[in-house]
Amino acid sequence: MKLRYLGYACINMSLEKTTNKTFRLSNLTEEKYLDTVRYNLKSLEDIIRWNAEHGIYFFRIGSELIPFASHADFLYDWTTDFKKEFAALHKLGKKHKMRFSMHPGQYSVLNSPDEKVVVNAIRDIEYHTEVLDLISPETGRIVIHAGGVYGDKKAAMKRFIKNFSKLSKKAQGMLILENDDRSYNIADVLEICTRLKIPAVFDILHHDCNPAEGDLKELLKMVVETWGEDIPKFHISSRKGEKGCPHTDYIEPEYFIRFKKIIDNLHFDKEYDIMIEAKMKDKAVLKIINNAMKVVNG
DNA sequence: TCGAGTCAAGTTCAG
DNA sequence: CTGAACTTGACTCGA
């Protein structure tokens, strides 16, 4: 396979801009909401332009683009209030053939046994769906993890599959599932993805923390197959020390090259994208383009 | 202005 | 059973 895009998430360190400016729920006023969303959308526009200038065509939009939009008490009609801005972003992304994704946080748990938690998770996923439907219905994907285990992984996976069916058709079409670093390894994720006919996202660090049985190459083949005609995307991050997974500032070039080689050697006539998860964000991507890629390409 | 504490939210595990 | 860790960035308030 052939590497197409490298991407990063939410923040641009060169511009010092984020799509995740927020405020306290207790301070939520119409003015605060309007100001903050305006800032986030403008930042996103600036980041897209910067990305285009620097040859980066893949970006994760922050979940807090519209702070509290998925909260039960949120009153404002953000899709109408910012219709113009969203239309402009859609046009801009399309012009540069950008790919976008989003990643709801750890509190969105679709497979929870607690009905209230599931209702909140669904509302959150539908919010992400609306954002991506406005900015990039062509490429938008929502990455989530499978959730908790609750002492019975098989039952928890069944619950995930059942609750998936409660999502809108649009949300179902955008949802993709990523292996996590403690509970659901890539084999578990593949099992769910195959059942639901949705793509699987392989994260190499999470796989190193929480490996699945079997040959990595075979697992990756199955991952690629879940994408059908679409372009698969992979995640790479690296971490400090042994405990937890705080991301390092940059990805170690050897780690990146090793991962890239494995994917390159899969026998598919396809392109693929990689999302870089490192503290230095865009700078980490540029460093890989300027260093690691040159080593690889000779 | 700076640093410490806090934030909408869930799950897991140590004690 | 409870409280802290998980992982993480940004806000807020008090010094």
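By convention in this document, chain letters (A, B, ...) are assigned in the order of the sequence lines, proteins followed by strands, and residues within each chain are numbered from 1. Please read all numbers here as calculations on a predicted model, not as lab measurements.
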Any ring-ring contact (aromatic ring centres under 6.0 Å, His included) pairs touching residues 136-169 of chain A, not counting sequence neighbours?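 ring-ring contact (aromatic ring centres under 6.0 Å, His included) check on residues 136-169 of chain A returns His103(A)-His145(A), His145(A)-His206(A).
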Where at least one partner belongs to residues 121-143 of chain A, residue pairs that pass ring-ring contact (aromatic ring centres under 6.0 Å, His included), sequence neighbours excluded: Trp78(A)-Tyr127(A)
If each of Arg182(A) and Thr18(A) is mapped to the nucleotide of DNA chain C with the nearest heavy atom, which maps nearer the 5' terminus, i.e. the 5' end?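 Whichever sits nearer the 5' end wins; that is Arg182(A).
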Please report the distance separating the [atom1] of [N] from the corresponding atom of [M], rounded so that it comes out in whole Å.
N	M	atom1	value
dG9(C)	dT12(B)	P	23 Å
dA4(C)	dG5(B)	P	13 Å
dG3(C)	dT6(B)	P	15 Å
dA8(B)	dT12(C)	P	10 Å

From [atom1] of [X] over to [atom2] of [N], roughly how many Å is that when rounded to an integer?
X	N	atom1	atom2	value
Lys153(A)	dT12(B)	NZ	C1'	14 Å
Leu28(A)	dT12(C)	CG	P	11 Å
Lys32(A)	dA10(C)	NZ	P	15 Å
Asn20(A)	dT7(C)	CG	P	19 Å
Asp35(A)	dA10(C)	CG	C1'	17 Å
His235(A)	dT7(C)	NE2	C1'	16 Å
Asn12(A)	dG9(C)	CG	P	15 Å

Trp50(A) backbone acceptor or donor facing His54(A) side chain under 3.5 Å: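 Judged by distance alone, yes, a pair lies under 3.5 Å.
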For DNA chain B, what are the stems built from at least three Watson-Crick or G-U pairs in a row, each pair having both distances below 3.5 Å? B:1-7 with C:9-15, B:10-15 with C:1-6
What are the two closest non-hydrogen atoms of Asn210(A) and Arg182(A), and how far apart are they?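 Nearest pair, atom of Asn210(A) first, then Arg182(A): ND2-C, 3.4 Å.
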Any chance you could pull the hydrophobic cluster mates of Met280(A), using side-chain heavy atoms under 4.5 angstrom and chaining through other members?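 For the cluster that includes Met280(A), the remaining residues are Ile11(A), Met13(A), Tyr250(A).
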Can you find a side chain N or O atom of Lys21(A) that sits less than 4.0 Å from OP1 or OP2 on dA10(C)? no
When you measure from the side-chain N and O atoms of Asn27(A) to the phosphate of dT12(C), is any distance below 4.0 Å, counting only OP1 and OP2? yes
Only counting residues at least two apart or in another chain, list the ones meeting side chain to side chain contact (heavy atoms under 4.5 Å, CB included) with [X].
X	value
Lys170(A)	Thr129(A), Asp133(A), Ser168(A)
Leu92(A)	Glu45(A), Ile48(A), Arg49(A), His96(A)
Pro211(A)	His207(A)

Does the protein touch nucleotides 5-11 of chain B at the base, only the backbone, or not at all? Give it as B, S and - per nucleotide, heavy atoms under 4.0 Å. BBBBBBS
Considering only distance and modelled atom types, tabulate donor-acceptor pairs under 3.5 Å from the side chains of residues 20-32 of chain A, sequence neighbours left out.
from     : atom 1 : to       : atom 2 : distance (Å)
Asn20(A) : OD1    : Glu64(A) : N      : 3.2
Thr29(A) : OG1    : Lys32(A) : N      : 3.1

